[in-house]
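A short write-up of the structure that comes next.
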There are 2 protein chains.
Amino acid sequence: MDGRPATDQPSPWMPFENRRRARDEKREAVLRTAVQLFLEQGYHRATLNEVAERLNITKPALYNYFRSKEDILFECWALGQEQVDGFIAAIDGSRQTGLGKLRALVHSYAETMATDFGASLVRFDPRDLSPANAKIVRAAKRGIDQTFRRYIAEGIADGSIKPCDPKMAAFAIAGSLNWIGHWYQRGGELTPDAIADDFAERLTEGLATAASKRPARKPPPTKTKKSAAKAPTPRKKNNTKRNTPGRTA
Amino acid sequence: MDGRPATDQPSPWMPFENRRRARDEKREAVLRTAVQLFLEQGYHRATLNEVAERLNITKPALYNYFRSKEDILFECWALGQEQVDGFIAAIDGSRQTGLGKLRALVHSYAETMATDFGASLVRFDPRDLSPANAKIVRAAKRGIDQTFRRYIAEGIADGSIKPCDPKMAAFAIAGSLNWIGHWYQRGGELTPDAIADDFAERLTEGLATAASKRPARKPPPTKTKKSAAKAPTPRKKNNTKRNTPGRTA
DNA sequence: TGCTTATATTACTCACGGGTAAGAAAAAGT
DNA sequence: ACTTTTTCTTACCCGTGAGTAATATAAGCA
């Protein structure tokens with residue numbers, strides 16, 4: 001609260017905070033491990049024994065941090081949803097045309113789909129959750145859908161987007177984006193950033209009115225500036241898994 | 001083989017064929033029931049006991065027709081894949097521009113996604129299959145992906161499609177389509193035909209060159225001819241489930 | 001009518017994995 | 001040093017659901 005002497009003082013409170021922090025770090029570690037395993041093997045095939053094993057502990061230890069397997073699943077989902085809520089709030093607060101907001105949404109959403117917690121939003125099955133949690137998830141999904149439709153409707157209203165059915169447009173766009181969560185895997189040739197750039201353009205160009213069109217599409221062989229710049233990301237060590245071996249479906 | 005007297009003759013072969021047919025019909029009935037249950041509840045939550053129960057038989061009876069639960073899953077998938085193979089072969093054999101083929105593919109694929117067996121192509125998890133079957137599925141998925149890319153490349157070559165990256169375009173389009181299998185449900189306000197028409201146009205308009213553009217987009221409120229004509233499909237009896245309550249994700 | 005084969009049932013096995021109980025080991029607090 | 005609390009382990013329970021064995025029933029067939 002008030003100005004306590006820096007961090008090195010042996011305040012009686014420090015250990016307490018340390019413990020809290022340590023606990024939260026362990027919780028997070030569990031979630032990181034769990035989300036990876038769930039994505040790798042699928043929720044039902046993944047066992048808590050293996051989650052624990054990867055953390056060098058045993059299964060019952062997990063129950064110090066979570067009430068059940070389903071609880072872990074839900075928390076993984078919640079972390080992904082938090083990201084989405086975050087950038088939607090930011091875009092909502094920005095001053096842009098409907099088309100601009102839609103582009104920003106597509107971009108951020110695409111990037112999120114390329115993260116573990118983001119992918120969990122579309123790869124986890126709400127039917128694995130308790131009724132109460134499933135309800136929360138359904139509400140959140142509805143919220144995302146309505147955000148897409150709202151931006152499109154706004155764009156039509158402000159003239160940046162051609163008149164069209166917001167519902168179908170939202171379905172088509174969200175489908176493309178959600179599918180990223182199914183095919184993207186780290187270490188492939190496509191970086192999240194490059195994907196986000198490409199999709200932001202690709203999924204909105206068809207909707208833009210002539211007045212609000214982007215300058216021009218970059219010529220084919222040239223990689224986009226941003227992705228080219230960020231492309232030489234230091235590859236993860238033993239990532240032999242190649243990306244996109246041809247799995248559209 | 002040769003011209004046996006019509007169907008009413010008490011040929012000694014008839015009973016045999018009848019039995020064969022009866023058996024195949026039962027097999028199909030199992031698959032229809034199973035695919036519905038698997039889609040409803042998810043493969044892991046669905047039990048063979050319930051599949052059997054819905055057929056008014058008991059679980060072990062199923063093992064007269066299938067070797068395992070996984071076998072049933074795979075056969076459901078195979079029926080969907082058969083549909084896809086069918087229309088791809090037809091389109092491959094047709095004389096059209098790349099864009100034309102792509103449109104046809106999108107249309108047929110969208111319609112298929114609105115069927116149970118079609119949806120099973122994207123909603124069943126290949127990791128639930130034996131390694132051998134999983135391999136078959138992976139190969140088939142690759143085939144579909146490459147068909148999309150091929151038509152796009154053809155379109156670029158013949159000038160009907162603007163130069164673009166076939167890989168990314170295919171991902172975007174297939175994502176939209178595959179997602180139909182996740183949100184579509186019978187009895188909703190959107191008919192498969194209307195969806196297919198809309199998507200065929202929506203997902204290809206952005207790729208078309210100026211020279212090959214379609215006449216014009218139909219005005220918003222008017223339903224398309226085809227869908228309006230086919231719309232009054234006799235609704236299934238107790239289908240209270242409403243479609244698209246706002247689930248984009 | 002009896003013989004054979006296909007099909008179904010009842011009653012069971014069994015592996016698996018989520019979750020719990022009891023208590024050890026470590027850390028924090030005094 | 002002693003107590004208390006947190007964290008973790010070993011050892012277990014137990015529901016579930018796929019798959020099987022033994023057997024009954026029904027249908028083809030002579």
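Protein chains get the first letters and strands the later ones, always in sequence-line order, with residue 1 at the start of each.
Residues passing the side chain to side chain donor-acceptor pair (under 3.5 Å) test with A:Asp92, sequence neighbours excluded: A:Arg150, A:Tyr151.
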Show the numbers, then the answer: is there a salt bridge (charged side-chain N to carboxylate O under 4.0 Å, His left out) between B:Glu40 and B:Arg45? CA-CA 9 Å; B:Glu40 258 174 46; B:Arg45 274 172 301 276; over 6 Å; no
Going through the checks in order, is the salt bridge (charged side-chain N to carboxylate O under 4.0 Å, His left out) test met by B:Glu189 and A:Lys167? CA-CA 12 Å; B:Glu189 43 186 299; A:Lys167 180 161 110 178; 3.5 Å; yes
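Remark: side-chain polar atoms of A:Asp71 are paired, donor with acceptor, to backbone N or O of A:Arg67 under 3.5 angstrom.
Atoms CZ (A:Phe66) and P (D:dC8) sit 12 Å apart, rounded to a whole Å. Regarding A:Leu55, its CG atom lies at a distance of 15 Å from the C1' atom of D:dT7, rounded to whole Å. In this structure, CD1 of B:Ile57 is placed 16 Å from C1' of D:dA26, rounded to the nearest angstrom. Rounded to whole Å, the distance from CD on B:Glu53 to P on C:dT9 is 12 Å. Straight-line distance from the CG atom of B:Asn64 to the P atom of D:dT20: 12 Å, rounded to whole Å. Distance CG (A:Asn56) to P (D:dC8): 12 Å, rounded to an integer number of Å. Rounding to whole angstrom units, CD of residue B:Glu50 and C1' of D:dG17 are separated by 13 Å.
Here the shortest heavy-atom pairing between A:Pro126 and A:Ala134 reads O-CB, 3.8 Å. A pairwise comparison of heavy atoms in A:Leu177 and A:Met113 identifies O-CG, 3.3 Å as the closest pair.
Two rings, from A:Phe171 and B:Trp179, have their centers 6.0 Å or more apart.
For the pair B:Lys69 and B:Tyr43, the cation-pi criterion (under 6.0 Å, within 45° of the ring axis) is fulfilled.
Between the side chains of B:His44 and A:Asp128, no donor N or O sits under 3.5 Å from an acceptor N or O.
Of the listed nucleotides (D:dT7, C:dA8, D:dT9), C:dA8 has the atom at the smallest distance from the side chain of B:Tyr65.
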Find every protein N or O atom lying less than 3.5 Å from an N or O atom of nucleotides 14-19 of chain C, and list the pairs.
{"residue": "C:dG18", "atom": "OP1", "partner": "A:Ala46", "partner atom": "O", "Å": "3.4"}
{"residue": "C:dG18", "atom": "OP1", "partner": "A:Lys69", "partner atom": "NZ", "Å": "2.9"}
{"residue": "C:dG18", "atom": "OP2", "partner": "A:Leu48", "partner atom": "N", "Å": "3.1"}
{"residue": "C:dG18", "atom": "N7", "partner": "A:Lys59", "partner atom": "NZ", "Å": "2.7"}
{"residue": "C:dG19", "atom": "OP2", "partner": "A:Tyr63", "partner atom": "OH", "Å": "2.9"}
{"residue": "C:dG19", "atom": "OP2", "partner": "A:Lys69", "partner atom": "N", "Å": "2.9"}
{"residue": "C:dG19", "atom": "O5'", "partner": "A:Tyr63", "partner atom": "OH", "Å": "3.3"}
{"residue": "C:dG19", "atom": "N7", "partner": "A:Lys59", "partner atom": "NZ", "Å": "3.0"}
{"residue": "C:dG19", "atom": "O6", "partner": "A:Lys59", "partner atom": "NZ", "Å": "3.0"}

Enumerate the protein-to-nucleotides 25-27 of chain C contacts in which both atoms are nitrogen or oxygen and the separation is below 3.5 Å.
none

